[in-house]
Amino acid sequence: MTLAKDLIDLLPLGEQAVHELLDDAAIQKARLRTSGPDQEFAGRTAALYFEKPSLRTRVTFEVGMNQKGGYALQLDAGSIGIGKRESLADVARNLERWLDVLVCRTFSHTLVTELARLANIPVVNALTDVSHPCQALAFGLTAREHKGDLKGQTLVFVGDGNNVARSLAELAALAGMHFVLACPQGFELPADFCATVSPEFARRNTRFETIHDPLRAVKGADFLYGDVWVSMGQEAQKDAKSSHFLPFQINDDLLSAAGEQALVTHCLPAHRGEEITDSVMDGKKTVCFDEAENRLHAQKAVLRRLFKATGRI
Ligand code: CP
Ligand code: NVA
């Protein structure tokens, strides 16, 4: 079987690939702890093209390349000026001559798929307005560590049916998890995406639901997942959105409605006092910093897979 050159979204990868990535992420994590950094990526260069702010994604890709003996450089999206200073195709034709992988955080999802199509090097989606697959992989690793096999676990995403929710739904579908989106009316995942992903849940006899009553939605959850109410680039919608999302705050009441078994995570950054309270964030049930740590290991697994797919390691 030929491996895909890029990581744009999880669903097209399929179930086996997701399991392989999670297995390898766990191996990378254990190996770092027992043997320290290695040289598997010696001579390999990653460039990080970020149009939006980042802490976790940027640092973990850079540290991940470093710990594997490779090199990572930051590109200044403004000064490259894709489509302004130079066409996207010409940027791609340049970057492929120097790099081994291009990691992209963009507003436009199409920009990433086009770079992947045009550049003869692996391209990784490091978050777009549509999806955030690396985050979902880090969640998968974290959920396995805390609760074992993902199959049959229930993930309740509490918030906006946006990029993080979408990638988590893809992970859940492929891993045999139940997925519930708890959101206000009007903030569901896009209908075309639901139509695409639903059969994957049906095939595995798992639930894929959108529920507008937060207390009902979270009942029985293994994981409550939080994200900001207002994503990067949507700041102008803050006032209009916040009132809709208030009943969906992850607070002590919601956590207790979920049940004793529930753990809480969040992609971060968290807006404490908005989508999640301090008491939950700093409480015993929260595993979001484990998930942040796991970004590093999940992304190493992604890079290893893409480097193998393209004969780089
Ligand atoms: N969760 C996440 O992607 O964090 P950053 O935006 O800081 O990279
Ligand atoms: N939904 C958030 C995720 C941040 C990691 C955003 O797009 O800003």
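In each ligand, atom 1 is the first atom listed, and ligand 1 is the first ligand listed.
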Based purely on interatomic distance, does [X] place a nitrogen or oxygen under 3.5 Å from a nitrogen or oxygen of ligand 1?
| X | result |
| --- | --- |
| Leu127 | no |
| Arg58 | no |
| Pro269 | no |

Discussion item. Looking only at side-chain N and O atoms, does Thr154 offer a donor or acceptor that is under 3.5 Å from a partner on His178?
Written reply: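 Not at all, the side chains of His178 and Thr154 share no donor-acceptor pair under 3.5 Å.
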For [atom], what is the nearest protein heavy atom, given as residue, atom name and distance?
| atom | result |
| --- | --- |
| atom 7 (O) of ligand 2 | Asn163 ND2, 2.8 Å |
| atom 4 (O) of ligand 1 | Arg56 NE, 2.8 Å |
| atom 6 (O) of ligand 1 | Arg105 NH1, 2.8 Å |
| atom 8 (O) of ligand 2 | Met232 N, 2.8 Å |

What atoms in ligand 1 come closer than 4.0 Å to a heavy atom of [X]?
| X | value |
| --- | --- |
| Arg295 | 1 (N), 2 (C), 3 (O) |
| Leu55 | 5 (P), 7 (O), 8 (O) |
| Gln135 | 1 (N), 2 (C), 3 (O) |
| Cys267 | 1 (N) |
| His132 | 2 (C), 3 (O) |

Practice prompt. Could you see which bit of Lys52 sits under 4.0 Å from ligand 1, with heavy atoms only: side chain, backbone, both or neither?
Written response: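 Neither part.
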Item to complete: Would you mind telling me if ligand 1 is within reach of the side chain of Leu268, the backbone, both or neither, using heavy atoms under 4.0 Å?
Response: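 The answer is the backbone.
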Fill in: Residues Glu40, Arg31: salt bridge by 4.0 Å N-O rule
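No, no charged N to carboxylate O under 4.0 Å.
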Fill in: Electrostatic pair Glu200:Arg204 at N-O distance under 4.0 angstrom
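Yes, Glu200 and Arg204 are salt-bridged.
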Which atoms of ligand 2 sit under 4.0 Å from any heavy atom of [X]?
| X | value |
| --- | --- |
| Leu127 | 3 (C), 4 (C), 5 (C), 7 (O) |
| Val164 | 3 (C) |
| Leu268 | 5 (C) |

Worksheet entry | Set of residues satisfying salt bridge (Lys or Arg N to Asp or Glu O under 4.0 Å) with respect to Glu188, sequence neighbours excluded |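 Salt bridge (Lys or Arg N to Asp or Glu O under 4.0 Å) check on Glu188 returns nothing, list empty.
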Item to complete: Output, in order, the C-alpha distance, side-chain angles, deciding distance and verdict of ring-ring contact (aromatic ring centres under 6.0 Å, His included) for Phe223 and Phe139.
Response: CA-CA 10 Å; Phe223 288 95; Phe139 167 72; 5.2 Å; yes
Worksheet item: Under 3.5 Å, N or O to N or O, is Asp227 touching ligand 2 that way?
Response: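 Yes; the residue has a nitrogen or oxygen that sits under 3.5 Å from a nitrogen or oxygen of the ligand.
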Practice prompt. Report yes if some N/O of Ser231 lies less than 3.5 Å from some N/O of ligand 2; otherwise report no.
Written response: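 Ser231 vs ligand 2: N/O contact under 3.5 Å present.
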Discussion item. Could you check whether Arg105 makes a cation-pi contact with Tyr49, meaning its NZ or CZ is under 6.0 Å from the centre of the six-membered ring and within 45° of the ring axis?
Written reply: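 The answer is no, since Arg105 fails at least one limit relative to Tyr49.
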Fill in: Any side-chain heavy-atom pair of Val101 and Arg312 under 4.5 Å
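When only atoms from C-beta onward are counted, Arg312 and Val101 do not touch, as no gap falls below 4.5 Å.
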Discussion item. List the residues meeting side chain to side chain donor-acceptor pair (under 3.5 Å) with Arg166, not counting sequence neighbours, and say none if there are none.
Written reply: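 By the side chain to side chain donor-acceptor pair (under 3.5 Å) rule, Arg166 matches no residue at all.
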